[in-house]
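For reference, the structure discussed in these notes is given below.
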Amino acid sequence: MLSFLLRRLLTFVPTFFGVTVVSFLFIRLLPGDPILLLAGERGVGEERYAELIKQFGFDQPIWKQYLDYLWGVMQGDLGNSFVTKKPVVTEFFALFPATLELSICAIILAIVVGIPAGVIAAVNRGKFFDQALMTGALIGYSMPIFWWALLLIIVFSSGLGWTPVSGRISFLYFFDEATGFMLIDSLLSGQKGAFASAVSHLILPTIVLATIPLAVIARQTRSAMLEVLGEDYVRTAKAKGLSPLRVNGQHALRNALIPVVTVIGLLVGTLLAGAILTETIFSWPGIGKWMVDSIFRRDYQVVQGGLLLIASIIMIVNLTVDLLYGWINPKIRKG
Amino acid sequence: MKKQFKLAGIAAAAMMTASTAMAAGTLVYCSEGSPEGFDAALYTSGTTFDASSKAIYSRLTEFETGTTNIIPGLAESWSVSDDGLEYTFNLRPGVKFHSTEYFTPSRDMNADDVIFTFERQGNEANPYNQVSGGTWEYYNGMSMPSLIKEIVKVDDMTVKFVLNRPEAPMVSNLAMDFASVVSKEYADAMLAAGTPENVNQQPIGTGPFQFVGYQKDAVVRYAANPSFFRGKADVDNLIFAITPDAAVRYQKLKAGECHVMPYPNPADVDAMRADADINLTEQEGLNVGYLAYNSMVAPFDKPEVRKALNMAINKQAIIDVVFQGAGKIAKNPIPPTIWSYNDAIVDDPYDPVKSKEMLAAAGVSDLSMKIWAMPVQRPYNPNARRMAELIQEDFGKVGVQAEVVSYEWGEYLSRSKDKDRDGAVLLGWTGDNGDPDNFLAVLLGCDGVGGSNRAQWCNDEFQALIVEAKQESDPAKRTALYEQAQVVFKEQAPWATIAHSIVHMPLRNEVKGYKIDPLGGHIFYGVSVE
């Protein structure tokens with residue numbers, strides 16, 4: 001197990017350096033000069049431009065800039081935002097809990113609804129529920145997030161007044177954010193109604209962000225179930241006279257879940273992409289919107305630092321999953 | 001199961017109450033973006049100014065809300081020496097800096113604060129010059145380093161600005177956001193504590209609202225300053241709910257989750273007008289959108305050719321299509337809300353037949369040119385690509401073949417400055433200080449050729465008029481000079497003046513006393529919620 005762990009860690013190191021190179025070059029390859037963008041129509045004189053180029057270190061050769069950046073990364077310093085002048089690390093960790101909270105809620109909703117829906121559809125193959133569910137899943141998968149979110153807001157927030165339009169909590173509540181997770185912080189605050197307000201603000205963004213993963217999970221569960229339902233052991237279980245619940249739940253679903261779990265793992269990327277739009281529409285203060293704004297402003301430090309942090313988190317999650325697989329399945333460990 | 005339903009019902013009821021209720025005495029403004037920080041002198045965006053200088057700070061002079069008139073601010077009065085080189089400001093006594101959880105001032109505002117405010121921007125030796133990556137863009141952009149010779153403390157309550165040259169707009173410049181007066185006592189305390197960046201993150205000012213807290217990209221909270229020198233604000237709490245999407249801002253306004261929202265979608269304006277709960281206010285913006293010819297390149301070096309092309313443009317169609325009615329045809333290079341606007345000038349009529357004749361008379365045939373379309377949306381040009389296409393079509397009708405080109409925004413701004421640039425550029429300007437000089441000298445003065453003067457146009461008569469006006473302190477004489485400059489501009493036609501935008505500001509009916517700021521800011525002092 002130790003050698004497996006070391007092997008995995010060894011692949012981690014070059015990947016990390018690869019990400020620093022890609023994130024550093026990515027934003028610099030886009031056309032656009034951050035100083036000119038910052039100055040806008042007002043412009044900036046040649047002398048002043050030269051001063052600013054020097055101040056921000058853009059006069060150095062690109063390899064030197066990269067090495068300076070890498071040296072900072074080694075020391076845990078990702079630099080300061082060009083726009084807000086604040087450390088990138090501070091900004092990232094102030095915003096990341098909001099994205100994480102929303103993503104966790106969305107994936108839970110997608111799993112809790114998607115898997116049972118897929119199972120029921122498979123069991124009732126070709127019947128009305130199956131047709132309706134598959135049509136719904138197709139619509140959910142192809143629906144533009146922006147339009148879907150606005151539709152929900154217009155109906156449930158402005159029309160029926162059931163949910164708030166946007167934000168993370170009502171402005172009536174104001175407390176220190178100990179964890180950055182609004183559900184937890186609102187409970188810790190002890191303020192009456194704060195938790196309910198945080199929950200109500202989560203409902204629509206969660207539904208919107210969960211829509212695509214839910215559709216994918218439901219369809220994947222259905223097809224995996226259909227495959228398993230045709231297996232001999234399922235027929236045997238049925239022949240033995242087991243109840244449909246035991247056949248489908250215990251024998252079929254358990255085996256059908258393996259590809260579904262793989263798909264759920266892959267959906268993390270979809271969730272982050274969806275979070276960018278969802279966060280913009282629901283004024284959700286997460287990293288998605290922060291990154292997009294920074295790309296438009298050519299805020300080099302934020303884009304390269306943000307990408308590096310996001311990639312690092314995904315790499316750590318992957319590493320953990322790999323280690324878990326290795327622990328569960330000796331074949332992988334030895335291979 | 002029954003119990004679970006009951007609990008769910010109670011939770012749902014609690015949610016609805018919490019989400020729709022807004023505390024009494026609280027004004028919620030659905031702002032369009034996040035402030036970059038709270039020390040206005042470090043930044044250039046209006047969104048940041050709304051959240052910082054407009055709410056938290058005051059300046060020596062101020063713009064009277066809803067106008068571009070200058071009124072006394074932290075300076076009770078001022079005088080200008082006969083040679084126009086010395087401005088002496090008498091400070092208002094008894095002005096308190098905010099007393100907050102993180103700082104309690106021990107003294108009132110005085111000359112030291114005023115001097116520190118400018119010195120940190122202009123003097124590299126000042127310990128605050130490099131704090132928070134300070135580049136002081138507005139201070140530099142308004143030419144303060146070359147303009148200010150020195151700032152002298154006459155006594156605790158009197159400050160004298162000594163200039164290197166006469167500059168009539170100086171008093172207006174000091175009302176701008178970058179000139180917001182900060183507390184030297186607070187800055188010194190933060191420097192001693194090793195946290196100088198707190199001046200930008202936990203601001204202390206003398207303005208109508210004091211800072212309470214900021215949750216990044218979500219909400220900024222303020223409380224009314226009980227000691228504000230003009231009297232406490234009508235609302236106890238001010239909240240900026242950051243809501244970047246215009247459609248969502250509108251839904252929040254309808255749902256009563258905010259009282260005021262800026263920048264509505266043009267497509268929503270009619271629905272807002274029809275909504276009984278919403279009061280849609282409007283005013284012409286302090287901006288101009290234009291098409292600048294390159295007057296250094298033939299045949300655009302001939303005024304008659306530029307004039308002929310101007311007559312080919314159907315501006316009304318542009319207002320209808322591009323601005324969807326939320327604009328006004330521009331005939332002058334300055335907007336009508338600015339003093340010295342010359343309303344006697346008659347715009348070039350839309351007359352393609354005459355235009356064609358004039359082009360022929362100027363010896364221009366088979367002309368082909370480029371029209372540059374900005375890649376970004378601006379109040380003075382909400383859709384540059386569409387505008388360029390309309391102009392292309394208009395030019396086609398008079399036999400001029402136009403090609404629409406565009407570049408990434410930074411490239412666009414940079415390349416459009418080139419003196420040998422190929423083509424006419426769509427661009428615009430939003431005023432900084434309500435002074436005509438801020439339009440005419442910056443955009444059309446000889447000093448701006450190769451820079452902000454995209455027409456590369458340097459006319460001796462025009463230049464003499466604006467230079468004289470800048471040095472003249474008598475407002476009536478300045479007005480006459482600027483009016484004459486606009487006449488010269490119209491004759492010479494370095495631009496096709498296209499439009500001034502109309503700013504819409506939807507408010508809920510319970511909001512009283514809100515005035516649209518012609519300078520584009522959002523000001524909540526004097527606003528109440530019934």
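The sequence lines fix the lettering, A, B, ..., with proteins before strands; numbering per chain opens at 1.
- Here the side chain of B:Trp136 pairs a donor or acceptor atom with the backbone of B:Asn129 at under 3.5 angstrom.
- Between the A:Ser81 side chain and the A:Thr84 main chain, a donor and an acceptor come within less than 3.5 Å of each other.
- The salt bridge (Lys or Arg N to Asp or Glu O under 4.0 Å) check on B:Glu197 picks up nothing, with sequence neighbours excluded.
- Proximity to chain B (any heavy atom under 4.5 Å) is shown, for A:Ile169, by neither the backbone nor the side chain.
- Across A:Lys192, A:Glu177, A:Glu279, A:Arg298, the residue that shares the most heavy-atom pairs under 4.5 angstrom with chain B is A:Glu177.
- The side chain to side chain donor-acceptor pair (under 3.5 Å) contacts involving residues 238-251 of chain B comprise A:Ser158-B:Gln251, where partners must be two or more places apart or lie in separate chains.
- In terms of heavy-atom pairs under 4.5 angstrom with chain B, the leader among A:Trp284, A:Phe174, A:Phe282, A:Trp290 is A:Phe174.
- Contacts of A:Phe195 with chain B are absent, with no heavy-atom separation under 4.5 Å from either backbone or side chain.
- With hydrogens and angles ignored, the 3.5 Å screen pairs a side-chain donor or acceptor of A:Ser157 with a backbone N or O of A:Pro164.
- In this structure, chain A has a heavy atom under 4.5 Å from the side chain of B:Ile239, while its backbone stays farther away.
- For B:Tyr43, the part lying under 4.5 angstrom from a heavy atom of chain A is the side chain only.
- Ranked by heavy-atom pairs shorter than 4.5 Å toward chain A, the options B:Arg221, B:Lys254, B:Glu137 are led by B:Arg221.
- Other residues, nucleotides and ligands contribute at most 12 non-hydrogen atoms within 6.0 Å of the CZ atom of A:Phe296.
- The candidate from B:Gln130, B:Lys417, B:Arg454, B:Gln201 with the greatest count of non-hydrogen atom pairs under 4.5 Å with chain A is B:Gln201.
- When heavy atoms are compared at a cutoff of 4.5 Å, B:Trp429 approaches chain A solely by way of its side chain, counted from C-beta outward.
- Formation of a donor-acceptor pair under 3.5 Å by the B:Ser45 side chain with backbone atoms of B:Thr48 is found in this model.
- Ranked by non-hydrogen atom pairs under 4.5 Å with chain A, the options B:Arg378, B:Glu36, B:Glu411 are led by B:Glu36.
- Contact of B:Tyr380 with chain A is made through the side chain alone, with heavy-atom distances under 4.5 Å.
- The contact between B:Val219 and chain A is made entirely by side chain atoms (from C-beta outward), counting heavy-atom distances below 4.5 Å.
- Side-chain contact annotation: A:Trp148 with A:Thr211, donor-acceptor N/O pair under 3.5 Å present.
- Closest of all the heavy-atom pairs between A:Thr280 and B:Pro244 is O-CD, 4.1 Å.
- Both the backbone and the side chain of A:Ile281 come within less than 4.5 Å of a heavy atom in chain B.
- Proximity to chain A (any heavy atom under 4.5 Å) is shown, for B:Tyr407, by neither the backbone nor the side chain.
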